[in-house]
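Just below is one structure, and these are the notes that go with it.
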Amino acid sequence: MGTSKSNLFTPTQNELARLAKALSHPARLAIVEFLAKQNACFTGDLVAEIGLAQATVSQHLAELKEAGILKGSIEGVRVSYCIDAERWQVMREQFERLFERVPSAAPLGCC
């Protein structure tokens, strides 16, 4: 969506759409799930863990970092990644509010 149309939606709608887009690829979900299992920032080889080419993993990591889902640091040849716990909590709350607004079951006689 062009930026000229984003003003038609609330800031929350725009943010949820951006977060959903960042999570909308199975490789990105695999990265998030893998990092969620770690007890600390991961400094190993994500390529070996995920099974995709380095360039592909880097592209997905960049998307996740851009959305604020991951934090990372580069120190020489060492790269560390982890889920941004504060950001994750905010995302969780935003999605939960969205899910709470939609009934869990369609009313009788609907479609």
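Because only heavy atoms are used, hydrogens play no part in the values below, and waters and symmetry mates are left out as well, while side chains stay in.
- Between the CG atom in Leu8 and the CD atom in Gln13 there is a gap of 10.0 Å [rounded to 0.5 Å].
- Glu86 CD: 12 or fewer foreign heavy atoms inside a 6.0 Å radius.
- In terms of modelled atom types and a separation under 3.5 Å, the side chain of Asn14 and the main chain of Ser6 share a donor-acceptor contact.
- The closest side-chain heavy-atom distance from Leu23 to Arg28 is not below 4.5 Å.
- Side-chain contact between Leu52 and Val47 is absent, with no heavy atoms from C-beta onward closer than 4.5 Å.
- Taking every heavy atom of both residues into account, Ser80 and Thr43 meet most closely at OG-CG2, 2.9 Å.
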(request) Could you go through the side-chain contact (heavy atoms from CB on, under 4.5 Å) check for Leu70 and Asp84 one step at a time? (result) CA-CA 5 Å; Leu70 298 185; Asp84 184 329; over 6 Å; no
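- Residue Lys37 holds its NZ atom at 11.0 Å from CD1 of Ile83, rounded to the nearest 0.5 Å.
- In this structure, the side chains of Ile31 and Leu35 come closer than 4.5 Å at one or more pairs of heavy atoms.
- In this structure, the side chain of Gln38 engages the main chain of Phe34 through a donor-acceptor pair within 3.5 Å.
- Contact of the Leu16 side chain with the Phe9 side chain is not registered, since no non-hydrogen atoms from C-beta on lie closer than 4.5 Å.
- For the pair Arg92 and Glu96, the salt-bridge criterion is met [side-chain N within less than 4.0 Å of a carboxylate O].
- With a 4.5 Å cut-off on side-chain heavy atoms, Leu64 and Tyr81 do not count as touching.
- Of the possible polar contacts, none joining the Glu93 side chain to the Val90 backbone as a donor-acceptor pair under 3.5 Å is found.
- Summarising the geometry of Ile69 relative to Met91, their closest heavy-atom pair is CG1-SD, 3.6 Å, with the distance given to 0.1 Å.
- In this model, no donor atom of one side chain and acceptor atom of the other lie less than 3.5 Å apart for Gln59 and Glu63.
- The pair Glu15-Arg97 fails the salt-bridge criterion, with no side-chain N (NZ, NE, NH1 or NH2) lying under 4.0 Å from an Asp/Glu carboxylate O.
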